[in-house]
Visitor: 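Sending over a structure as structure tokens; questions will come in a sec.
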Amino acid sequence: MNGNILQTELKFTETYKRYRNAHPAIREAMCLKVQYPAFFTPVKPSDLFAGRIKNTLVGITPDEWGLTSFGYYCREEEICKILRTSEIGPILSQKIEEMLEFWKEENTSAKIRKAYTKEMKMWLPSDNWMGEPGIAFPLYRLTGGNIDFDKLLTLGIPGMIEEIESKRSEKLSEGKVDEIHFYDALLIALNVLIDTCRHYAEEIRVMIKGNNTEESQKRELSEMRDILEVITLSRPKTFREAVQLFWIYSLVADVRNYGRMDVYLGDFLAKDLESGVLTEIKAQMLIDNLWQLMADRHTVVHNRVIIGGKARVNEKNADHFALLAIEATRHIKEIEPQLSLRFYKGMDPTLMAKALDAIGEGRTFPMLYNDDVNIPSIQKAFDLSYSDASQYVPYGCGEYIVEHKSFGTPSGVINLLKALEVTLHNGVDPVSGKKMGLSQGSFTHFNTFEKLWQAYCCQVEHFVGIMAKQEELEYKIAGQEASYLFMSMLYDECLDRGKGIFSGGIKYLGGTLETYGNTSCADSLTAIKDLVYDKKTLTQEQLLKILDINFEGYEKERHLMLNAPKYGNDDECADGMLLNVHNHVANYTRDQVNKTGLHSYMIVIINNSANTLMGRYTAASADGRRYGESMNNGNSPSSGMDRKGITALLNSIVKPDTKIHAGAVQNMKFSRSMFKSNRKELEYLLETYFEKGGAQAMITVVDRNELENAMKEPEKYGHVFVRVGGFSARFVELSEDIQRDILRRTLY
Amino acid sequence: MKLQGLIFDIQRFSLHDGPGIRTTVFLKGCPMDCIWCHNPESKSFKPQISYNSSLCGNCMSCVKVCSTGAHKDVNGKHEFDFSTCQSHFECADECAFGALKIIGRYMEVESIIEEILKDKAYYENSGGGLTISGGEPMAQFDFTLELLKVSQSNGINTCIETCGVTSKRNFEKVIPFTDTFLFDYKATDSYSHQSFTGLDNKRILSNLDFLYKNGAKIIVRCPLVRGINDSEEHLRAISSLAEKYPELIGIEIMPYHNLGRNKSHSIGESPLLTNVDTTDEETKHKWIETLKLYSGNNSLIRLSQ
Ligand code: SF4
């Protein structure tokens, strides 16, 4: 049995070697042929759609598989573990060792690192952002691609082939060799897709023959098998065919965000309901089933499904799908898919009402996106036409891009609080004691607040500049290495240009930088200004010493810092500082387009659990936060520091400019009774917030004692969902410090 | 000097003091002395010190500034003696831990309006606005009147929550500037009213009548404490109000909760009701059923949350 271990991975590696010097698109296509359908796993008896995939250890992906795995990747650690723990013969073992050795230099992330400039090498020494202190870290990935599923479902596989062939002959007559390779590779890729469908059809055929399958199940299975065959031969005509093609394609493409699903599935649904091919109940069943398949994909931060919003050509049909989608989210109690509702004034109010029902039940979904604010903001921020901006989609943790037109991988993180901390320590990181940033003089050297502020700004700018160039480089290498065929054929312009998405194919190639600790940094600056420069309650030396010893013996001083004004209370002074921090980092980052070839480069204030993870390596700060504690979450106030009530919080939240960043998440936590007993007021509250410029809301509905009890008896509270920031989670599955952070957040 | 009011709290996003989303301004000082009062710190007309020992960090900053000896350092543990305190309040400014606080600040109408206006958009969408509560707003009459006027001229819906103890003339003056009165109805017969609140209710009832007859919009609010003022007679009287004053906006039953109990200790007093618990759901349900029965299912009567 062990002779089969890592066979596909080995074969993949051999194929790669064989085509090493071929055109990258061809090499990729040949590799894909090895990868699929081999990495697909059997359908489960309850599945109504075929398509389950396993986490593979060597392969190619346009997204990420762990800390530094993307593009051509090799999961060294996992493979070594297998080598250690399995009984493998010496010949196979040596082959595997050779494979590991080969990929060490040949994986895409390594190639990017190798291409780093001297400056990048010096200031970005580590990739381990979760486990080491640092101001900025690179992230290796291409993420958030939202492809044109509408086109896929309209043309079907044969239509796609036809279009590619016609483009091919166009370019052939122009004698463009490079492009021809690209089209050939696309055709091979589509054959991989066809093979995958056939593979599943065959597998199901065998299943049906099996004795222990029930009659009703056999009926479903035969329908699945028929559909899998039909979609290889013609464009999908029914809802079920459309969903099947969508799903299997998203898996081979490794596209993990699904865009405006109500638009591309709405008409199929309406047609089938009208003609009687589907009943409402059966349609719901199918969607529920798809939701479960997505949940089982376990992407944690992806699996975004967008419904609602402006600029949907088939609004009525799309709305119908959207309602069933929300219902599915109520049925399938999982942390994915991340259902997101775009809305605007004038949209059918039943959508929002149903959305609030689901949120009130504690599902955390759908997340709410206000088109009336977001479309004009995105238009301005990304410098786009209104019609492009109106096709925005949030993906992953909450970054925006334009569906199948733009890209915006966050390929770096910056910890603003760490930047301040290193500035206060003259370029040295107080946690590791190592030099980490620019040395601009000691804290005492800054005799006015203005000077400290300038030094902080320089520190941030230094790293932002490097991160922008790093992102540009990452795309460049990624584009040299592969064409990301399945993604490119459904991204605008790529087919016309005959180029892979990152090899000159895409229309708007943008990037983003994830900022963390924004509020913690601003609140610290506020406290420093207040206590050191204005009131002179503490000297610079005193403050530094107190922070360096983590407030030990200085509880009173810590309270003075805690009492300083805090963002989130509609307080001019504290909110003003946050705006300074926000405007500075957002504008400086946005300006980097002038120094790179990127179409846009902006910050995103999203959050996963990075506020907690990076907080672990961030020293005590002048906002009163102790060493190692979580920093603030996303765009939110520091946990529990919003004390003036929900309206004050919302008033603060709408202050930062939404026209200079590429997405920011707003977490809010409400009690169950607020949703139950004061639903009307709650609706007015949200309505007003959105009118005042609220762009987004991620709402957790939970009771405090529920969370406390869940910490004590986790086995009983698997049903409690919370919004961590950019993703939802079962509360009991989070680490203790993240749980504490969530508990500390104000509950309204 | 500009007109000032003694304020002990401003609460945004109040949902239970009148319609919609409101900001409630709590004035300090009350002519009544209800045994069930859940805001004991609102009774006195003077600023007071409050001390919450559980927050104390024993930093002794208060000891250093206190000239009266009310604060003492007893072997590294801070102790505070309310009876020696002369209300100089320097200590509260020194207390970084928030253990010592001054209850009651003098504020001008202008700065309160500024605070209220911050949530104007929320009032407008929800039909909410400002509620002046207390203490007893009518006891700081000039200030209340001014605050109402300025609020109204700023387009803000106004409510006052009153126990009804003031002159008719005063009510007459506030009627044009008050969109809704939240009028307390605490006990029925004069004797029990006197014993629960310190005052009899003749004047209160006639003020209610006066307001009603002058077209004021009124929500009657009835605090009910189990075993204290939930007698059959009182419940019947509440029910008959609905009949007597059909144009009332509502009659709200406010079940007692004991969350205010510890507040007494922090101002150096003992709570008056120590043996009554927060009203349980069953009792609330029973009250409502009884009221429905007596009033012939009058829809004005409802439970406040
Ligand atoms: S100043 Fe506050 S914390 Fe310090 S001893 Fe006095 S009461 Fe306690």
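Residue numbers begin at 1 in each chain, while the letters A, B, ... track the order of the sequences.
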Visitor: Where does A:Leu650 contact chain B at under 4.5 Å (heavy atoms): side chain, backbone, both or neither?
Guide: both
Visitor: Taking the six-membered ring for Trp, is the centroid-to-centroid distance between A:Tyr689 and B:Tyr122 below 6.0 Å?
Guide: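 That pair fails the under 6.0 Å test.
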Visitor: Using modelled atom types and a 3.5 Å cut-off, is there a donor and acceptor pairing between side-chain atoms of B:Thr24 and backbone atoms of B:Gln11?
Guide: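 Not a single qualifying donor-acceptor pair exists.
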Visitor: Please flag which part of A:Lys692 lies under 4.5 Å from any non-hydrogen atom of chain B: side chain, backbone, both or neither.
Guide: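 Contact with chain B: side chain only.
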Visitor: Is it the case that the side chain of A:Asn632 and the backbone of A:Ser520 share a donor-acceptor pair, with hydrogens and angles ignored and the cut-off at 3.5 Å?
Guide: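 A pair under 3.5 Å: yes.
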Visitor: Is it the backbone or the side chain of A:Glu683 that comes under 4.5 Å from a heavy atom of chain B, or both, or neither?
Guide: neither
Visitor: For B:His71 together with B:Tyr51, are the ring centres under 6.0 Å from each other?
Guide: no
Visitor: Need one label for A:Asn563: side chain, backbone, both or neither, based on atoms under 4.5 Å from any heavy atom in chain B.
Guide: side chain
Visitor: Relative to chain B, which segment of A:Met674 carries a heavy atom at a distance below 4.5 Å: side chain, backbone, both, or neither?
Guide: side chain
Visitor: I'd like to know if B:Arg221 pairs up with B:Asp17 as an ion pair, taking the criterion as any Lys NZ or Arg NE/NH1/NH2 lying under 4.0 Å from an Asp or Glu carboxylate oxygen.
Guide: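 The answer is yes: the pair qualifies as a salt bridge.
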